[in-house]
Amino acid sequence: MISETPRVRFAPSPTGYLHVGGLRTALYNYLFAKKNNGKCILRIEDTDRNRYVEGAAESLVESLKWSGLEFDESPQNPGEYGPYTQSERNEIYDKHIKQLIEDGNAYYCFCTPERIKELRDKQYAAKEQPIYDKHCLNLSKEEIEEKLAAGTPHVVRLNVRHGDKIYVDDIVRGRVEFDSNIVDDQVLIKSDGYPTYHLANVVDDHLMKISHVIRGEEWLSSTPKHVLLYDYFGWERPQFAHLPLLLNPDKTKLSKRQGDVAVEDYRDKGYLRDALVNFVALLGWSAGDNQEFYKLDELVEKFSLERVHKAGAVFNIDKLNWLNFEHLRLMPVEDKIEGVRKELDKAGYDNTKFSDEYLSHVIEAMVERVNFIHENVTNCPYFYTPPTEYDEKAVAKRWKEDTPAHLDKLLEKFEALDNPVKEAYENALKEAAEELGVGNGKLIHPVRLSVSGMSGGPGLYDILVIIGKDETIRRIKEAKVKITALK
RNA sequence: GGCGCAUUCGUCUAGCGGUUUAGGACACCGCCCUCUCAAGGCGGAGAUCACGGGUUCGAAUCCCGUAUGCGCUACCA
């Protein structure tokens, strides 16, 4: 069924940032293309001059690049079907709309916005489908020429033939039937001369030889207009695949009000691109084999449009967090070190004070305890600076009256150590505990509190090795003074 | 209002007429491990498959209604 080399496209409108739903759409297009040895094209749909936002196209491209999705043809990397930005294609739309008008499949409309509104209000009040009444279709050739010559504001509309059934065959949804009577004579060319989505999209998809239109479900309702356009042009229709929407926890369409929707927001929060891509891939698709953890190339291998879901999917952050944890574990140490250095600077530390080796030990110690790279800093500040305060609950629970005396004994043992490794600390502590006639815990917990100020974290001896003997001893002594003063 | 789409554990999903006492994952709870917090292992709770009718020997799976949700209904995409 799939043509030799399918061509698909992601065609965002530059009105801001890349929405995670957009990322999902882009991803499915990408996966489908790669899976089938096809081409994935990026086209910027900037025909709405009112909504155009300066720099939005660049932001889109940047987010896409960050996500790791590469396009075979794009404004930055044009192929033979350019330009890839719609605002640069006006001549092309002009040519095509003329053909449509000549063939009677489109017509000039000079109706004022007021008349349109009135008409619509009336239809709505009568509980009818609000569609244009083809008023201007009855204009004579002379009248049209005259108005055009006079510079009367006008649009060009699609001339929908009523009384037909229009069928849309969708890969995800199967056959969907529409009654042509309720299909509006859609504006194709706006009064500012720019095409609407419907015209530009169909013309470009055809000219760019797009074989599969993979887009959000919000387009399903206007697909009959597109299908008609293909038919009127005498062009072969592409295959359609309408993707389910991404939803807020309350099942409404994913919106900014209820959380982050921009890819850059997730990037800035420390989510890994592999995790975000993995997560978003699972929102509306599954291979059916219980695998949930994927690298991009595995997604390519397993993806198919036939296994895309029909129902919308709630964007649930918990699973994303888990995926981030899983992907983070696979990240090469060098990359983690680089990331930690950035986070150190962000947190106000001087990253140059720490060697790569030092940081790699911290990372190793924290690996099971971090979901995000920044947690290698925020969750364990004691690796970078001595504790300034001590967790109250832990103090109450672990710091008893005889603790300072116990620590004195331990300090003796520690001081005698020469360049200690993990086991040396452990043995020293055990010896001290034995000589004191107490359990190891009586020493372990106060030491942890002393060196970290916290009650949780990596194995105590790992912490000690990382911060070093001198610092360990210094911190224990300091804690003795400070915590005793607190009591 | 009209048209369209959808509806399986809280969430993401498996399931495409019998192998299902509906499987997995995240989250949640418990146990084990253990110096803590995690991770990991094991286990638990959690879905009358929206509801009501059919079809069938047999339905989460097919058909029809209803309800609910969502989308579209723009000279926005």
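Throughout, a chain's letter reflects where its sequence line sits, starting with A, and its residues are numbered from 1.
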Stepwise side-chain hydrogen bond (donor to acceptor under 3.5 Å, both in side chains) test for A:Arg237 and A:Thr223: CA-CA 11 Å; A:Arg237 300 177 187 182; A:Thr223 305; over 6 Å; no
Steps toward salt bridge (charged side-chain N to carboxylate O under 4.0 Å, His left out) verdict (A:Arg175, A:Glu177): CA-CA 7 Å; A:Arg175 169 160 288 200; A:Glu177 184 184 312; over 6 Å; no
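Not counting sequence neighbours, the partners of A:Asp289 by the side-chain hydrogen bond (donor to acceptor under 3.5 Å, both in side chains) test are A:Lys302. Evaluation of the side-chain hydrogen bond (donor to acceptor under 3.5 Å, both in side chains) rule for A:Asn248 yields A:Thr252, A:Ser255 as partners, not counting sequence neighbours. In terms of the side-chain hydrogen bond (donor to acceptor under 3.5 Å, both in side chains) criterion, A:His96 has no residue partners (sequence neighbours excluded). Residues that satisfy the ring-ring contact (aromatic ring centres under 6.0 Å, His included) test with A:His198, not counting sequence neighbours, are A:His226. A:Lys147 is linked by a side-chain hydrogen bond (donor to acceptor under 3.5 Å, both in side chains) to nothing, counting only residues two or more places apart in sequence or in another chain.
The side-chain heavy atoms of A:Cys380 and A:Val362, taken from C-beta on, include a pair separated by under 4.5 Å. Residues A:Glu435 and A:Lys409 form a side-chain contact, since some pair of their non-hydrogen atoms from C-beta on lies under 4.5 Å apart.
A gap of 10 Å separates the C1' atoms of B:rA67 and B:rG52, to the nearest Å. Rounded to a whole angstrom, the distance from the P atom of B:rG43 to that of B:rA25 is 11 Å. If you take atom P in B:rA22 and the same atom in B:rA60, they sit 10 Å apart, rounded to whole Å. B:rC62 and B:rC5 are spaced 15 Å apart, taking the P atom of each and rounding to whole Å. Distance noted for atom C1' between B:rA38 and B:rC72: 48 Å (whole Å).
Sorted by first then second residue, the side-chain hydrogen bond (donor to acceptor under 3.5 Å, both in side chains) pairs that include residues 369-395 of chain A, not counting sequence neighbours, number zero. The list of ring pair (Phe, Tyr, Trp, His ring centres under 6.0 Å) pairs with a residue in residues 150-180 of chain A, not counting sequence neighbours, reads A:Tyr108-A:His154, A:Phe110-A:His154. Screening residues 270-289 of chain A for ring pair (Phe, Tyr, Trp, His ring centres under 6.0 Å) gives A:Tyr266-A:Tyr271, A:Tyr271-A:Phe372, A:Phe279-A:Phe315, A:Trp285-A:Tyr294, A:Trp285-A:Phe303 as the qualifying pairs, with residues at least two apart or on separate chains.
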Contact pattern, 5' to 3', of nucleotides 20-39 of chain B - B, S or - by protein heavy atom under 4.0 Å: ---BBBSS-------BBBBS
B/S/- contact track for nucleotides 68-77 of chain B, protein heavy atom under 4.0 Å: --SBSSSBBB
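Using a 4.0 Å heavy-atom criterion, one finds that A:His309 contacts the sugar-phosphate atoms exclusively. Within 4.0 Å of A:Arg307, counting heavy atoms only, lie sugar-phosphate atoms of the nucleic acid but no base atom.
Taking atom CZ of residue A:Arg24 and atom C1' of nucleotide B:rC12, one finds them 12 Å apart after rounding to whole Å. When the C1' atom of B:rU61 is taken as reference, atom NZ of A:Lys310 falls 12 Å away, rounded to whole Å. Counting to the nearest Å, the P atom of B:rC12 and the CG atom of A:Asn278 are 16 Å from each other. Spacing between atom CG of A:Leu323 and atom P of B:rU11 amounts to 19 Å, rounded to whole angstrom units.
Other residues, nucleotides and ligands contribute over 12 non-hydrogen atoms within 6.0 Å of the NZ atom of A:Lys413.
Listed by residue number, A:Arg173, A:Val176, A:Glu177, A:Phe178, A:Ile182 are the residues of residues 166-183 of chain A with a heavy-atom contact under 4.0 Å to RNA chain B.
A salt bridge is absent between A:Asp184 and A:Lys225; no separation between the charged side-chain nitrogens and carboxylate oxygens falls under 4.0 Å.
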Below 3.5 Å between N/O atoms, which protein atoms pair up with nucleotides 43-47 of chain B? Just atom names and distances, please.
none

